[in-house]
Engineer: 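Okay, here's the structure, questions in a sec.
Note that the numbering runs from 1 along the sequence shown for the chain. Keep in mind that this is a model prediction, so the values were computed, not measured.
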Amino acid sequence: MSAALPGFPDGLLAEFLAEDAGYFVRGDRLLEAGRSPWQDYEVWETARFGRLFRLDGCFMTSERDEFHYHENLIHVPGMVHAGLRRALIIGGGDGGSAEELLKYPSIEKVVIAELDAKVVDIARRYFQAVHRGAFDDPRVELRIGDGMRYVHDEAPAAGARYDLVVLDLTDPVGPAEALYSEAFFAACRALLAPGGALVLHIGTPVFQPERVQALLQRLRRVFACVRPYFLHIPLYGSLWGMATAADQLDPRAIDAAEIDRRIGERAISLLQHYNGAVHCAQFALPNHLRDLLA
């Protein structure tokens with residue numbers, strides 16, 4: 001929501017991270033706003049982040065900041081996998097996750113199952129800097145529709161199997177809530193090829209500790225190896241959590257030198273955040289997070 005606060009400049013875009021705390025960015029110019037069948041959307045021009053996208057009053061992505069989220073969501077499991085060939089993205093309508101997956105020379109197919117066609121429309125028109133043409137790559141199949149239906153019904157009926165399933169979703173409220181359930185995690189696990197993994201964001205342990213705990217507990221009831229990792233995402237205003245979940249793939253088992261070797265071997269370029277040292281550092285948990293996640 002836009003806020004007018006005493007002593008603060010006009011035009012603030014604010015998001016609550018908890019009932020008593022939040023984060024704001026100044027919006028310089030509103031480029032487009034409206035409501036799709038599913039959610040409210042806004043596109044802003046900002047001095048800090050360039051073009052910025054919001055859904056239901058929550059910051060989603062921006063031109064200058066997206067790499068923190070998308071690189072670490074995709075490459076932490078992707079670089080550990082022996083050779084990604086097929087990937088499924090649930091959500092991901094801004095195209096940023098697909099763009100990172102397309103950097104892998106082994107990738108043959110990326111399916112994007114996005115509920116809201118308006119998100120893709122906004123991305124195509126305003127966020128070329130995020131997707132970099134990914135929607136038009138012949139390896140990408142865009143499916144507008146319910147990701148729940150695709151995972152439970154359509155993909156199993158087609159015999160589809162994926163090396164990586166990416167839940168690139170809004171927070172677990174509203175239309176996305178059911179996609180964070182234990183049953184949905186189990187349905188995603190059933191779509192994984194041998195050696196495959198699920199990856200998702202799990203929220204901020206600073207402002208949403210109960211949510212982080214609950215999601216990890218659900219994942220651990222479904223998968224043998226669940227690895228949470230954490231980084232600061234400027235646009236989200238906090239330390240942020242992600243997690244891989246698999247039966248075999250373990251991103252903590254590979255050292256920094258091997259990650260850097262694989263980046264070079266696979267010719268993964270244009271990385272602004274992720275490297276071997278960062279890969280390992282994100283799994284080094286301070287004591288307060290060890291206690292929270294125990």
Engineer: Of all heavy-atom pairs between Ser62 and Val130, which one has the smallest distance, and what is that distance?
Structural biologist: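 Result for this residue pair: O-CG2, 3.9 Å.
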Engineer: Would you indicate whether the side-chain heavy atoms of Phe185 and Arg218 approach each other to under 4.5 Å?
Structural biologist: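 Answer yes - side chains close enough.
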Engineer: Taking Glu114's backbone N and O only, do any of them form a donor-acceptor pair with Arg143's side chain (distance below 3.5 Å, no angle check)?
Structural biologist: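 Flag not set: sc Arg143 to bb Glu114 has no pair under 3.5 Å.
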Engineer: Can Asp28 and Arg26 be counted as an ion pair, charged N to O under 4.0 angstrom?
Structural biologist: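 Judged by the 4.0 Å cut-off on N to carboxylate O distance, Asp28 and Arg26 do form a salt bridge.
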Engineer: Could you check whether any side-chain N or O of Ser97 sits under 3.5 Å from a backbone N or O of Gly92, counting only pairs where one atom can act as donor and the other as acceptor?
Structural biologist: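 It does not hold such a pair.
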Engineer: Are His131 and Gln128 side-chain neighbours, meaning at least one heavy-atom pair lies under 4.5 Å?
Structural biologist: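 Sidechains of Gln128 and His131: in contact.
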Engineer: For the pair Tyr274 and His68, evaluate side-chain hydrogen bond (donor to acceptor under 3.5 Å, both in side chains) and give the outcome as yes or no after the intermediate values.
Structural biologist: CA-CA 8 Å; Tyr274 179 81; His68 296 285; over 6 Å; no
Engineer: May I ask you to test the Val166-Leu73 pair for a side-chain heavy-atom distance under 4.5 Å?
Structural biologist: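 SC-SC contact between Val166 and Leu73 confirmed.
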Engineer: Between Glu45 and Arg51, is there a salt bridge with N-O shorter than 4.0 Å?
Structural biologist: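 A salt bridge is present here (some side-chain N lies under 4.0 Å from a carboxylate O).
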Engineer: Look at the side-chain heavy atoms of Ile, Leu, Val, Met, Phe, Trp and Tyr, link any pair under 4.5 Å apart, and say whether Tyr126 and Leu30 land in one connected group.
Structural biologist: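 Tyr126 and Leu30: separate clusters.
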Engineer: If only atom types and distance count, is the side chain of Gln39 paired as donor or acceptor with the main-chain N or O of Asp56 below 3.5 Å?
Structural biologist: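 No; zero donor-acceptor contacts below 3.5 Å.
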Engineer: Please tell me whether His279 and Phe283 form a close aromatic pair, meaning their ring centres lie under 6.0 Å apart.
Structural biologist: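 Distance test on ring centres: under 6.0 Å, yes.
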Engineer: For the atom pair OH (Tyr229) and CD1 (Ile202), what is the distance rounded to the nearest 0.5 Å?
Structural biologist: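 Spacing of OH (Tyr229) from CD1 (Ile202) equals 9.0 Å.
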Engineer: Quick check for you: to the nearest 0.5 Å, what is the distance between His152 atom NE2 and Cys188 atom SG?
Structural biologist: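 Spacing of NE2 (His152) from SG (Cys188) equals 7.5 Å.
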Engineer: Counting only heavy atoms not in Arg35 (residues, nucleotides, ligands), do more than 12 fall under 6.0 Å from its CZ?
Structural biologist: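 It does: Arg35 CZ has more than 12 such atoms within range.
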Engineer: Given side chains that start at C-beta, do those of Leu271 and Ile263 come closer than 4.5 Å, heavy atoms only?
Structural biologist: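 SC-SC contact between Leu271 and Ile263 confirmed.
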Engineer: Is Trp44 reachable from Tyr236 through a run of I, L, V, M, F, W or Y residues, each pair having side-chain heavy atoms under 4.5 Å apart?
Structural biologist: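 Linked, Tyr236 and Trp44 end up in one cluster.
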Engineer: Taking all heavy atoms of Phe184 and all of Ala178, pick out the closest pair and write down the distance.
Structural biologist: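 What the structure gives for the nearest pair is CB-O, 3.6 Å.
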Engineer: Is a side-chain N or O of Asp163 found less than 3.5 angstrom from the main chain of Gly196, in a donor-acceptor match?
Structural biologist: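 Answer holds: no.
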Engineer: Supply the atom-to-atom distance Arg261 CZ to Arg266 CZ, rounded to the nearest 0.5 angstrom.
Structural biologist: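 Nearest 0.5 Å value for the CZ-CZ distance: 8.0 Å.
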Engineer: Would you say Leu31 ends up clustered with Val25 if hydrophobic residues are merged whenever their side chains have heavy atoms under 4.5 Å apart, either directly or through other cluster members?
Structural biologist: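 Val25 does not cluster with Leu31.
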Engineer: So which atom in Gly147 and which in Ala113 form the shortest heavy-atom distance, rounded to 0.1 Å?
Structural biologist: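 Residues Gly147 and Ala113, closest heavy atoms: CA-CB, 4.4 Å.
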Engineer: Could you check if a side-chain atom of Thr244 sits within less than 4.5 angstrom of a side-chain atom of Val80, using non-hydrogen atoms only?
Structural biologist: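 Side-chain contact under 4.5 Å: no.
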Engineer: With the side chain counted from C-beta on, respond yes when Glu141 and Lys109 share a heavy-atom pair under 4.5 Å apart, and no when they do not.
Structural biologist: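 Yes, close enough: below the 4.5 Å cut-off.
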Engineer: For atom CZ of Arg221, decide whether the heavy atoms of other residues, nucleotides or ligands shown that lie under 6.0 angstrom number more than 12.
Structural biologist: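 Counting neighbours around CZ of Arg221, more than 12 heavy atoms of other residues, nucleotides or ligands fall under 6.0 Å, so yes.
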Engineer: Can a salt bridge be assigned to the pair Glu100 and Lys103 using a cut-off of 4.0 Å between side-chain N and carboxylate O?
Structural biologist: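 Judged by the 4.0 Å cut-off on N to carboxylate O distance, Glu100 and Lys103 do form a salt bridge.
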Engineer: Can you tell me how far the OG1 atom of Thr170 sits from the CG atom of Leu179, to the nearest 0.5 Å?
Structural biologist: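 It is 8.0 Å, given to the nearest 0.5 Å.
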Engineer: Stepwise, does the side chain to side chain contact (heavy atoms under 4.5 Å, CB included) test hold for Tyr41 with Val119?
Structural biologist: CA-CA 8 Å; Tyr41 62 88; Val119 173; over 6 Å; no
Engineer: If you measure only the distance, is there a donor-acceptor pair under 3.5 Å linking the side chains of Glu66 and His70?
Structural biologist: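 Yes - a donor-acceptor pair under 3.5 Å links their side chains.
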Engineer: Which atom names give the shortest non-hydrogen contact between Leu52 and Phe59, and what distance separates them?
Structural biologist: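 Looks like CD2-CD2, 3.5 Å.
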Engineer: Compare every heavy atom of Ile89 with every heavy atom of Ala98, then report the nearest pair and how far apart it is.
Structural biologist: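 Looks like N-CD1, 3.5 Å.
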Engineer: Give me the atom names and distance for the closest heavy-atom approach of Ala197 to Ala246.
Structural biologist: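 Scanning both residues completely, I find the closest heavy atoms to be CB-CB, 3.9 Å.
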Engineer: Yes or no on side-chain hydrogen bond (donor to acceptor under 3.5 Å, both in side chains) for Trp240 and His201, after CA distance, side-chain angles and deciding distance?
Structural biologist: CA-CA 8 Å; Trp240 209 260; His201 79 91; 3.3 Å; yes
Engineer: Can you find a pair of side-chain heavy atoms, one from Val212 and one from Thr204, that are under 4.5 Å apart?
Structural biologist: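 No. Closest side-chain heavy atoms not under 4.5 Å.
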Engineer: Would you check, one step at a time, whether the test side chain to side chain contact (heavy atoms under 4.5 Å, CB included) holds for Leu142 with Ile144?
Structural biologist: CA-CA 6 Å; Leu142 176 62; Ile144 300 299; 4.1 Å; yes
Engineer: State which residues pass side chain to side chain donor-acceptor pair (under 3.5 Å) with Glu63; sequence neighbours excluded, sorted by chain then number.
Structural biologist: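 By the side chain to side chain donor-acceptor pair (under 3.5 Å) rule, Glu63 matches no residue at all.
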Engineer: Any chance you could lay out the side-chain hydrogen bond (donor to acceptor under 3.5 Å, both in side chains) test for Ser36 and Asp116, step after step, and finish with the verdict?
Structural biologist: CA-CA 7 Å; Ser36 77; Asp116 195 341; 2.6 Å; yes
Engineer: Near Glu19 CD, under 6.0 Å, is it more than 12 heavy atoms from other residues, nucleotides or ligands?
Structural biologist: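 Incorrect, the count does not exceed 12.
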Engineer: Is it true that Asp247 and Arg189 have a side-chain N and a carboxylate O under 4.0 angstrom from each other?
Structural biologist: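 A salt bridge links Asp247 with Arg189.
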Engineer: Tell me the salt bridge (charged side-chain N to carboxylate O under 4.0 Å, His left out) pairs involving residues 118-127, sequence neighbours left out?
Structural biologist: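 Every salt bridge (charged side-chain N to carboxylate O under 4.0 Å, His left out) pair that includes a residue of residues 118-127, provided the two are not neighbours, is Glu32-Lys118, Glu32-Arg125, Lys118-Asp121, Asp121-Arg125, Arg124-Asp136.
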Engineer: So Arg48 and Asp65, salt bridge (Lys or Arg N to Asp or Glu O under 4.0 Å) or not? Walk me through it.
Structural biologist: CA-CA 9 Å; Arg48 176 68 59 184; Asp65 180 79; over 6 Å; no
Engineer: Quick check on the hydrophobic clustering: are Ile90 and Phe223 connected, directly or via other members, by side-chain heavy-atom contacts under 4.5 Å?
Structural biologist: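 Yes, Ile90 connects to Phe223 through the hydrophobic network.
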Engineer: Going from CE on Met79 to CG on Asp260, what distance comes out if it is rounded to the nearest 0.5 angstrom?
Structural biologist: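 Spacing of CE (Met79) from CG (Asp260) equals 9.5 Å.
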Engineer: Evaluate the side chain to side chain contact (heavy atoms under 4.5 Å, CB included) criterion for residues Phe127 and Met60: first the C-alpha distance (whole Å), next the side-chain angles of each, then the deciding distance (0.1 Å), finally the verdict.
Structural biologist: CA-CA 12 Å; Phe127 292 97; Met60 291 290 107; over 6 Å; no
Engineer: Is it the case that more than 12 heavy atoms not belonging to Arg252 sit under 6.0 Å from its CZ atom?
Structural biologist: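 12 or below, so no.
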Engineer: Can you tell if the side chain of Val199 reaches within under 4.5 Å of the side chain of Leu164, non-hydrogen atoms only?
Structural biologist: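 Yes, close enough: below the 4.5 Å cut-off.
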Engineer: Quick one: pull up CG in Asp168 and CG in Leu200 and give me the separation to the nearest 0.5 Å.
Structural biologist: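 Output value for this atom pair is 10.0 Å.
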Engineer: In sequence, state the C-alpha distance, the side-chain angles, and the governing distance for Leu55 and Trp38, and then conclude on side chain to side chain contact (heavy atoms under 4.5 Å, CB included).
Structural biologist: CA-CA 10 Å; Leu55 288 173; Trp38 305 102; over 6 Å; no
Engineer: Are the charged groups of Arg54 and Glu42 less than 4.0 angstrom apart, N to O?
Structural biologist: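 Between Glu42 and Arg54 there is a salt bridge, with a charged N closer than 4.0 Å to a carboxylate O.
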Engineer: Same cluster or not: Phe207 versus Tyr23, using hydrophobic residues (I, L, V, M, F, W, Y) connected whenever any side-chain heavy atoms lie under 4.5 Å apart?
Structural biologist: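 In one cluster with Phe207: Tyr23, yes.
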